[in-house]
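Residue numbers start from 1 in every chain, and the chains themselves are labelled A, B, ... in the order their sequence lines are given, proteins ahead of strands.
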Number of protein chains: 2
Amino acid sequence: MNMPLTSQTSQTSLTPLVEQVRSFNRTMTERVGALNDHFLGKNHPLGEARLLWEIGIDGASVRDLRRRLELDSAYVSRLLRSLEKQGLVEVKASAHDGRVRLVRLTKAGLRERAELDRRADTFARSLLEPLSESQRVKLGAAMAEVERLLIASMVQIAVADPTSQDARWCIEHYFAELNQRFPTGFDPTRGIQAHPHELTPPAGLLLVAHLREEPVGCGGLKFHENGIGELKRMWVAPRARGLGLGQRLLLALEQAARDAGMTMLHLETNGSLTVAIAMYRHNGYQEVEAFNDEPYAHHWFEKRL
Amino acid sequence: MNMPLTSQTSQTSLTPLVEQVRSFNRTMTERVGALNDHFLGKNHPLGEARLLWEIGIDGASVRDLRRRLELDSAYVSRLLRSLEKQGLVEVKASAHDGRVRLVRLTKAGLRERAELDRRADTFARSLLEPLSESQRVKLGAAMAEVERLLIASMVQIAVADPTSQDARWCIEHYFAELNQRFPTGFDPTRGIQAHPHELTPPAGLLLVAHLREEPVGCGGLKFHENGIGELKRMWVAPRARGLGLGQRLLLALEQAARDAGMTMLHLETNGSLTVAIAMYRHNGYQEVEAFNDEPYAHHWFEKRL
DNA sequence: CTATTTCTCTGATTTTAGTCAGATAATTTG
DNA sequence: CAAATTATCTGACTAAAATCAGAGAAATAG
């Protein structure tokens, strides 16, 4: 129920690009990695510095710190004890949940963190300084592009239980967005339903996309006896848009439909979802006569698999 | 004689770009740094793996390894002993200099290094795999751009002694290139000279650009009594072209001329150096009547400072 | 030729990073 | 309410990543 899906994209040769990525990595390690460490780990060991940074201005729970930095709880505990001894942090139990402990930076801790901030700034400036104005602009744009695409490649798509917390979160937000975007609003009880059991194998399935453990999109599929698969609940969270994730979800769903023996895909959609409609057309979906009476739909599409 | 020069570019606000650089660094550390380490440090501790990698197929001296990885000599020695015990490297004294020790990978070491190579490949692939073909191409291009600009920002320009090894290396290569490019060939004894003492303060100066300790370009200046500075020996090594280095050298020379009280710059150049000529024009140099009888020159330029 | 520097090594020691096995207390589940 | 789970902590331990002091051999400078 939770194995990640392998890539659905074509198996063209990656080799020349692999060389570029590796060369890039080497340069990054030399120019960013090493210096970064030396800059940040000046007064504190790197672990402490990272923790100090991660606690942030508003504080955080030990639990979150452990998760975000992916550190062993014993280790985090020890680091916190050390920071506490240096008078940089205060730890107290959460009022909400007595097991959880909240960490906040003391005044001295905030000062220390500001110092780290300054160092990171100085470092960034040292990269930009020798460049001309136009080079700087180009560098900024290229960095943004690399970042965007690397983040896109971090998104993982996997089959999920529609009743899981993450799946429900996606579907709720999907409904909320439809309600906002449809001129008529949207009431999920009125349209054609897709109940959890219908999106659970073997009746169908639901894919959920995650970015850094957090859900950022979903797409469902109902399998019908006649070999027709029905696409439902295609949604990408606003913060993950522009990463090509809709496209990836669609390809993954098509593959899943093929694997389930479907020969045709159906979907209906509302006229206000122009981006989605463009994507369906671009992927070879043909607009056809209405094949159901979904009250919110303006367009019906099909694609032979 | 060897202090790095500060930036000559305008002091516009770097702040928004600094934010982009820092965000980029964070993503890199998360996505490239951490994973890189885990990938490489699978069979060996990271230090050993890095060393194994750095020794390379052709071997290296302990001295160079220490410099390149910026490690303490005791530490390198220990790492080498460990690799030796594992049968991965052989260390023997240099025939050239009995103090220097040369390290070479054994067959087993080469196998091990190939394994690291494969891992790095796998990692690069894992970044590319989830992306669509067009995203991959964009990522490759953006990475190349970031890399090119970061390398550009690594170049350091400093005043150098014209008799130093690096300066002589640059000037020799400059002459060799002129000899190749001029239809008539080039004989340095025939044209107007620029002897070392003329390029040494206070009579003049020579800037040499370095990338990773290696010289990659130069630019000289002779100061005359009448407030006219004469540009000489502008050259960028082929491997450092496309980094905007010529432009940087030119700006640095202009600043140095101003600092020396010059009010005008003169230069003459050969018609075959079209890129250089374009750069001079672009930087406000006006073509004027011949002000000397340099036999290799076709164009004479001046710029009021 | 002598003094100094360079290169590498060993021994001793420290700091950092991280793991594993519980113990304890609070909370949630059945 | 009992049992299971969660969040955190301490103690005990290990491996890795250094650092420092100094020694010995070779090369270089004066």
Side-chain angles (χ1 to χ4, degrees), chain A residues 29 33-34 36-38 40-55 59-86 88-104 163-165 213, chain B residues 29 33-34 36-55 59-86 88-104 165:
Chain A
T29 311
N36 237 353
D37 291 1
H38 280 116
L40 290 183
K42 207 81 182 212
N43 294 334
H44 305 279
L46 196 58
E48 283 185 15
R50 286 210 299 155
L51 194 56
L52 205 52
W53 183 262
E54 202 65 31
I55 291 167
S61 68
V62 173
R63 189 165 160 276
D64 287 350
L65 293 172
R66 215 171 41 218
R67 295 224 174 116
R68 273 187 265 159
L69 296 171
E70 294 190 294
L71 297 175
D72 178 271
S73 72
Y75 188 30
V76 171
S77 188
R78 242 169 274 286
L79 287 174
L80 284 173
R81 257 0 35 83
S82 163
L83 290 174
E84 218 169 14
K85 204 175 293 171
Q86 295 168 64
L88 301 175
V89 306
E90 278 168 352
V91 182
K92 64 170 207 285
S94 161
H96 224 60
D97 180 336
R99 295 166 303 179
V100 175
R101 307 251 288 160
L102 300 178
V103 191
R104 287 198 332 116
T163 63
S164 69
Q165 213 185 351
E213 319 283 276
Chain B
T29 310
N36 238 352
D37 292 0
H38 280 115
F39 263 84
L40 290 182
K42 210 79 182 217
N43 294 334
H44 305 279
L46 193 58
E48 283 185 16
R50 286 209 300 154
L51 196 55
L52 205 52
W53 183 262
E54 202 65 32
I55 291 168
S61 70
V62 173
R63 189 165 159 276
D64 286 350
L65 292 172
R66 215 173 39 217
R67 294 226 175 114
R68 273 186 266 160
L69 296 171
E70 294 190 292
L71 296 176
D72 179 271
S73 72
Y75 188 30
V76 170
S77 187
R78 242 169 274 287
L79 288 174
L80 286 174
R81 265 342 53 74
S82 164
L83 291 174
E84 219 171 12
K85 206 175 291 172
Q86 294 169 64
L88 301 175
V89 306
E90 277 167 353
V91 182
K92 65 167 203 288
S94 159
H96 225 61
D97 180 338
R99 295 167 303 181
V100 175
R101 307 252 289 158
L102 301 177
V103 191
R104 288 199 333 115
Q165 212 185 353

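- Distance CG (D64(A)) to P (dT6(D)): 16 Å, rounded to an integer number of Å.
- The CG atom of L79(A) sits 16 Å away from the P atom of dT15(C) (whole-angstrom rounding).
- The neighbour count for R68(B) CZ, taken as heavy atoms of other residues, nucleotides or ligands under 6.0 Å away, is above 12.
- Comparing G98(A) and A74(A) by the nucleotide of DNA chain C whose heavy atom lies nearest to each, the residue mapping closer to the 5' end is A74(A).
- One can place CG of L83(B) at 16 Å from C1' of dC9(C), the figure rounded to the nearest angstrom.
- In this structure, I55(A) CD1 and D64(A) CG are separated by 11.5 Å, a value rounded to the nearest 0.5 Å.
- Residue R99(B) places no side-chain atom within donor-acceptor reach of the base of dG24(D), judged by atom type and a 3.5 Å distance cut-off alone.
- Put simply, CG on L51(A) is 12 Å from P on dG18(C), counting in whole angstrom units.
- One atom, NZ of K92(B), and another, P of dT8(C), lie 14 Å apart when rounded to the nearest Å.
- Between E48(A) atom CD and dT16(C) atom C1' the separation is 10 Å, expressed in whole Å.
- The phosphate of dA18(D) (OP1 or OP2) has no side-chain N or O of R78(B) nearer than 4.0 angstrom.
- Distance CG (L46(B)) to C1' (dA15(D)): 13 Å, rounded to an integer number of Å.
- Taking CG of L71(B) as the reference point, atom CD of E54(B) lies at 9.5 Å (rounded to 0.5 Å).
- Contact annotation: R81(A) side-chain N/O to dC9(D) OP1/OP2 distance is under 4.0 Å.
- Atom OG of S73(B) and atom CZ of R78(B) lie 9.5 Å apart (nearest 0.5 Å).
- Among the heavy atoms of the strands lying under 4.0 Å from D97(A) are primed sugar atoms or P, OP1, OP2 only; no base atom is included.
- With dT8(D), dC20(C), dT16(C) as the choices, the nucleotide that has an atom nearest any side-chain atom of S73(A) turns out to be dT8(D).
- The side chain of R67(B) contributes an N or O atom lying less than 4.0 Å from OP1 or OP2 of dC7(C).
- When the side-chain nitrogen and oxygen atoms of R101(B) are compared with OP1 and OP2 of dC9(C), one or more of them lie within a distance under 4.0 Å.
- Taking only side-chain atoms of V100(A), from C-beta outward, the nucleotide of dC9(D), dT10(C), dT8(D) with the closest atom is dT8(D).
- Taking atom OH on Y75(A) and atom P on dT8(D), their separation rounds to 17 Å, with Å as the unit.
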